[in-house]
Amino acid sequence: MTQYQLLALNIDGTLLRSNGRLQPSTKEAIEYVKNKGIYITLVTNRHFQSAKKLAKALKLDSLLVSHGGAFISDNLDNPFYEKRISEEMTFNLVQVLENFKCNIRIVQERFSICNKTKVASNLLSKSILNTSDSMFYPVQFVDSLGDALRDEPVTALKIDVHFTTDEEKEDASQIISEAFEGIDVHVKSKKIEIVKRGVSKENGLRVLTNHLKIPMDKTVAIGDGEDDIEMIISAGLGVAMWNAPFEVKRVADWVTRSNNEQGVAYMIKEHFRKQQREEFLRKIKN
């Protein structure tokens, strides 16, 4: 039986129910596996402060993989790892994007900056003012991002760009991919995400496991989204939630119940109840 040393959990659609709440059974399961000496981390697209708030609720003081793998830390001020788009490239990307009818959001660990809405208000409410943001993570709106960045340059952990039409989205992604080096452009429904090349949940988890000297085959990763696929494949035990798309479940080693049916707690009880603390196993062998 494999003795796992690290448990990596996605947040939305995995750890939390669809209403954004944490079930008591999930908290109990996390405490149960933590008491077995297993390192527990969160791997999420959420900003660090949101992930840290949830980590506190779970009584975790571990390094967290946030911003889709671009920011790894246990505190806001001294990140262990960060991968940013430079000030100059952020400005140049914005200069190109402002030629399209789109909403641009520059994401940092402390705040985000957006141009005033050019997309439908319902899209704005879902994508910009979503539930992962809160009062302690301000969103600033400006008339022109280009002018704002000229006055106060910033780096970006990620740039989210929402479009009104698929045609504009495809045109913009093609132009940016051809004109800029050192970035990755992820095309999604109605939007694109621009990150520093190599940023992903899987790479973020690898950075963390290398730092902790834990082999990837000694890790368990649980997720529900398409951006969790590489992490699920690379982990020693890759777990998909029942509510995940077929593409995610297809690559998983194990499929647990949905996030609304205590899927994380169920998986932990099934796979960790026979696992003992490594100190206990060493005593037995000596």
Side-chain angles (χ1 to χ4, degrees), residues 4-18 20 22 26 29-30 33 38-48 50-51 54-55 58 60 62-72 81 83 107 127 130-132 157-158 160 184-189 191-193 195-210 214 216-268 270-271:
Y4 295 110
Q5 299 176 20
L6 183 145
L7 173 62
L9 296 159
N10 177 49
I11 294 180
D12 297 291
T14 300
L15 197 57
L16 301 181
R17 298 182 67 183
S18 297
L22 185 64
T26 303
I30 296 296
V33 81
I38 294 162
Y39 195 97
I40 304 170
T41 186
L42 306 180
V43 183
T44 179
N45 284 320
R46 288 190 176 207
H47 58 80
F48 174 78
S50 178
L54 182 58
L58 293 168
L60 301 178
S62 50
L63 291 163
L64 308 176
V65 182
S66 60
H67 295 274
F71 192 87
I72 304 174
Y81 172 89
K83 203 159 187 179
V107 179
S127 60
N130 58 48
T131 54
S132 72
L157 292 170
K158 181 175 69 169
D160 276 332
D184 288 329
V185 180
H186 302 301
V187 181
K188 302 191 175 183
S189 176
K191 78 166 187 172
I192 62 174
E193 294 177 350
V195 295
K196 187 81 170 177
R197 179 158 295 162
V199 168
S200 69
K201 288 182 175 180
E202 188 233 0
N203 285 341
L205 182 58
R206 283 189 181 276
V207 169
L208 178 59
T209 55
N210 287 339
I214 295 175
M216 282 294 286
D217 62 4
K218 299 284 188 180
T219 68
V220 178
I222 312 179
D224 73 292
E226 291 183 6
D227 57 356
D228 295 317
I229 286 177
E230 291 179 348
M231 178 176 74
I232 288 171
I233 292 172
S234 299
L237 178 64
V239 180
M241 305 297 291
W242 184 257
N243 49 288
F246 171 76
E247 291 77 15
V248 181
K249 289 188 276 194
R250 182 170 59 86
V251 302
D253 301 305
W254 206 73
V255 179
T256 188
R257 296 171 180 172
S258 77
N259 61 322
N260 292 326
E261 298 173 324
Q262 307 178 65
V264 169
Y266 176 72
M267 180 272 156
I268 285 173
E270 287 294 308
H271 278 274

**Message:** For a 4.5 angstrom cut-off between non-hydrogen side-chain atoms, does I222 reach M267?
**Reply:** yes
**Prompt:** Checking side chain to side chain contact (heavy atoms under 4.5 Å, CB included) for the pair T14/N259: CA distance, chi angles, key distance, verdict?
**Reply:** CA-CA 5 Å; T14 300; N259 61 322; 5.8 Å; no
**Prompt:** Is there a donor-acceptor contact under 3.5 Å from the side chain of Y39 to the main chain of L63?
**Reply:** yes
**Note, I38 side chain near V220 side chain (heavy atom, < 4.5 Å)** = no
**Request:** Assess the side chains of D224 and N10: does a donor N or O sit below 3.5 Å from an acceptor N or O?
**Result:** yes
**Complete:** On a heavy-atom basis, the closest approach of Q5 and I214 is OE1-CG1, 3.6 Å
**Item:** Spacing of OG1 belonging to T26 relative to CD belonging to Q262, to within rounding of 0.5 Å
**Value:** 6.5 Å
**Request:** Find the distance between OG (S234) and NZ (K201) and round it off to the nearest 0.5 Å.
**Result:** 13.5 Å
**Shortest non-hydrogen contact between N203 and S200, atoms and distance** = N-OG, 3.0 Å
**V251 side chain near E230 side chain, heavy-atom distance below 4.5 Å** = no
**Request:** Would you give the length of the straight line joining atom CG of D12 to atom OG of S18, rounded to the nearest 0.5 angstrom?
**Result:** 10.0 Å
**Message:** Is it the case that atom CH2 in W242 sees more than 12 heavy atoms from other parts of the structure closer than 6.0 Å?
**Reply:** no
**Asked** Less than 4.5 Å apart, any side-chain heavy atom of T41 and any of I72?
**Response** no
**Prompt:** Can you name the closest pair of heavy atoms from G263 and T256 and give their distance?
**Reply:** O-OG1, 2.7 Å
**Message:** Can you tell me how the ring of H271 sits relative to the ring of W254, calling it parallel under 30°, perpendicular over 60° and tilted otherwise?
**Reply:** perpendicular
**Asked** N260 side chain to R17 main-chain N or O, any donor-acceptor pair under 3.5 Å?
**Response** no
**Message:** Test side chain to side chain contact (heavy atoms under 4.5 Å, CB included) on H67 and K158; report intermediate values, then the result.
**Reply:** CA-CA 8 Å; H67 295 274; K158 181 175 69 169; 5.9 Å; no
**Message:** Measuring only between side-chain heavy atoms, which start at C-beta, is L15 closer than 4.5 Å to L58?
**Reply:** yes
**Item:** Approximate separation, where rounding is to 0.5 Å, of D184 CG and E193 CD
**Value:** 11.0 Å
**Request:** Quick one: pull up CG in L64 and OG in S50 and give me the separation to the nearest 0.5 Å.
**Result:** 10.5 Å
**Asked** At their closest point, which heavy atom of M231 faces which heavy atom of A221, and how far apart are they?
**Response** CG-CB, 3.7 Å
**Message:** Contact between I30 and L60 at the side-chain level, heavy atoms closer than 4.5 Å - yes or no?
**Reply:** yes
**Request:** Provide the closest heavy-atom pair for K191 versus D160 in the form atom of the first, atom of the second, distance.
**Result:** NZ-OD1, 3.6 Å
**Request:** For K83 and R197, work out which heavy atoms get closest and say how close.
**Result:** NZ-O, 3.1 Å
**Message:** Would the distance check show the side chain of T219 and the main-chain N or O of L6 forming a donor-acceptor pair, the cut-off being under 3.5 Å?
**Reply:** no
**Prompt:** How many angstroms lie between CG in N210 and CG in L205, if you round to the nearest 0.5 Å?
**Reply:** 9.5 Å
